[in-house]
Amino acid sequence: MTASRSVDFLEFALRAAQAAGAVILPHFRVAIDVEDKGGARGYDPVTVADQAAESVIRAEITRAFPDHGLRGEEHGWQKGASRYTWVIDPIDGTRSFILGQMHWATLIALHDGERVVAGVAHQPYVGESFVATADGDAQWRRGGERRTLRTRHCRAVADAVVACTDPRMFRTAAERAAFDRVADRARLTRWGGDCYAYCLLAMGLIDVVIESSLQAYDVQALMPIVTAAGGAITSWSGGSCEEGGNVVACGDPALHVEVLKLLA
């Protein structure tokens with residue numbers, strides 16, 4: 001794929017995320033019905049805002065690219081005739097959303113059959129977006145402002161800021177113990193954040209994000225944002241994390257090597 005083609009896809013994804021934001025915002029910080037999808041992930045809330053936002057995104061994609069596949073959290077996987085699949089989380093951080101907190105965003109990724117080539121995280125309430133192509137720059141945008149994202153240098157775990165959304169996402173005592181081996185050595189650990197933790201890592205404000213029990217739609221849009229900003233994001237064993245599972249991201253690739261050793 002050419003660089004210009006990747007950018008075209010990225011700009012389309014951002015427009016689709018902004019269109020989703022227009023249907024999400026009327027439901028934010030107001031009384032809203034919440035359904036619990038339940039399942040292996042425990043309490044798993046979904047709202048009309050999640051469902052409506054994904055419907056808008058899917059409609060935009062189908063109109064522009066009718067042969068592309070669609071893979072979303074709320075409306076499932078529709079295989080396409082082409083090699084491209086859009087991976088959608090209409091509101092990543094629904095728990096934060098229903099509490100009126102701001103650590104949530106619409107995530108859209110494009111997978112070309114071999115790798116993720118573009119990713120967008122858009123937060124409509126504060127009007128900011130984090131965007132990247134796999135072979136380009138990562139950017140923060142708000143209105144007419146644009147800033148190139150760069151992770152910060154932090155080679156030692158003792159100097160690192162570590163983030164994780166929820167301690168209950170670790171399914172076993174061994175997973176929690178692995179997280180604690182890193183967190184206990186770190187300068188600071190903060191809970192919460194969902195997708196925003198990865199965006200703040202790309203911005204150079206967080207050094208490590210360690211999570212478990214993720215799905216493809218939780219992570220694919222964030223992968224190019226982290227890597228294009230200079231960071232590393234993999235499974236805990238150092239392999240691909242595009243299907244979710246146990247995920248670790250570090251702003252400094254040298255730190256990533258040390259964190260993987262502690263997680264092993």
Is it possible for you to say whether [X] and [Y] belong to one hydrophobic cluster, with membership spreading through side-chain heavy-atom contacts below 4.5 Å?
X      : Y      : answer
Leu201 : Leu205 : yes
Val23  : Val120 : no
Leu14  : Val226 : no
Leu25  : Val34  : yes
Leu107 : Val131 : no

From the options Trp77, Tyr217, Phe12, select the one residue that forms a ring pair (Phe, Tyr, Trp, His ring centres under 6.0 Å) with Trp86. Phe12

State, to 0.1 Å, how close [X] and [Y] come at their nearest heavy-atom pair, and which atoms those are.
X      : Y      : result
Gln101 : Phe28  : O-CZ, 3.3 Å
Ala228 : Gly136 : CB-O, 3.4 Å
Pro224 : Gly119 : CG-N, 3.6 Å
Gly127 : Arg142 : O-CG, 3.1 Å
Ile24  : Pro90  : CD1-O, 3.7 Å

Could you check whether the rings of Trp104 and Phe97 sit parallel, tilted or perpendicular, using 30° and 60° as the cut-offs? perpendicular

Apply side-chain contact (heavy atoms from CB on, under 4.5 Å) to residues Ser6 and Asp135 and explain how you reach the verdict. CA-CA 9 Å; Ser6 295; Asp135 297 318; 5.8 Å; no

With side chains defined as the heavy atoms from C-beta onward, is the minimum distance between [X] and [Y] less than 4.5 Å?
X      : Y      : value
Asp112 : Arg115 : yes
Met169 : Leu214 : yes
Val182 : Ile210 : yes
Ile233 : Cys241 : yes
Met223 : Thr227 : no

Glu114 vs Arg83, side-chain contact (heavy atoms from CB on, under 4.5 Å): CA-CA, chis, key distance, verdict: CA-CA 9 Å; Glu114 296 182 357; Arg83 62 193 178 105; 5.6 Å; no

Side chains of His111 and Gln220: do they bring a donor and an acceptor to under 3.5 Å?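 Note: His111 and Gln220 side chains miss the donor-acceptor criterion.
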
Could you verify whether a donor N or O on one side chain and an acceptor N or O on the other, from Ser55 and His75, lie under 3.5 Å apart? yes

Does [X] use its side chain to pair, donor to acceptor, with the backbone of [Y] at less than 3.5 Å?
X      : Y      : answer
Gln123 : Val126 : yes
Thr165 : Gly193 : no
Trp236 : Glu211 : yes
Glu242 : Val116 : no
Asp36  : Asp44  : yes
Thr106 : Ile91  : no
Arg176 : Thr172 : no
Thr62  : Ala59  : no

Could you list all the side chain to side chain donor-acceptor pair (under 3.5 Å) pairs where at least one residue sits in residues 14-32, not counting sequence neighbours? Arg29-Tyr125

Not counting sequence neighbours, list each pair that qualifies as a side chain to side chain donor-acceptor pair (under 3.5 Å) and has a residue in residues 147-156.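 As it turns out, the side chain to side chain donor-acceptor pair (under 3.5 Å) pairs with a partner in residues 147-156, which skip direct neighbours, are Arg152-Asp207.
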
Of all residues at least two apart in sequence or in a different chain, which pass the side-chain hydrogen bond (donor to acceptor under 3.5 Å, both in side chains) check with [X]?
X      : answer
Ser237 : Ser235
Glu243 : Arg71
Ser129 : His122

Results of salt bridge (Lys or Arg N to Asp or Glu O under 4.0 Å) for [X] - residues two or more places apart only:
X      : result
Arg187 : none
Glu74  : Lys37
Arg168 : Asp166
Arg141 : Glu11

Straight-line distance of [X] [atom1] to [Y] [atom2], nearest 0.5 Å:
X      : Y      : atom1 : atom2 : value
Cys199 : Ile225 : SG    : CD1   : 5.0 Å
Asp50  : Asp89  : CG    : CG    : 8.0 Å
Arg171 : Asn246 : CZ    : CG    : 5.5 Å
Cys195 : Phe130 : SG    : CZ    : 9.0 Å
Ile206 : Leu200 : CD1   : CG    : 4.5 Å
Glu128 : Met102 : CD    : CE    : 9.5 Å

Please report, to 0.1 Å, the donor-acceptor pairs under 3.5 Å made by any side chain of residues 249-264, with sequence neighbours excluded.
unit_1, atom_1, unit_2, atom_2, d
Asp252, OD1, Ala254, N, 2.9
Asp252, OD2, Cys154, N, 3.0
His256, NE2, Thr234, OG1, 2.9

Taking ring-ring contact (aromatic ring centres under 6.0 Å, His included) as the test, write out the residues that go with His103, two or more places apart.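 Per chain and number, His103 pairs via ring-ring contact (aromatic ring centres under 6.0 Å, His included) with Tyr196.
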
So does Asp33 have more than 12 non-hydrogen atoms from other groups sitting under 6.0 Å from CG?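 Atom CG in Asp33 is not crowded, with 12 or fewer foreign heavy atoms closer than 6.0 Å.
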
Which is it for Glu35 and Thr47 under the side-chain contact (heavy atoms from CB on, under 4.5 Å) test, yes or no, and what are the steps along the way? CA-CA 6 Å; Glu35 177 186 345; Thr47 71; over 6 Å; no

Sort and list the pairs that fulfil ring-ring contact (aromatic ring centres under 6.0 Å, His included) and have at least one residue in residues 173-192, not counting sequence neighbours. Phe170-Phe179, Phe179-Trp191

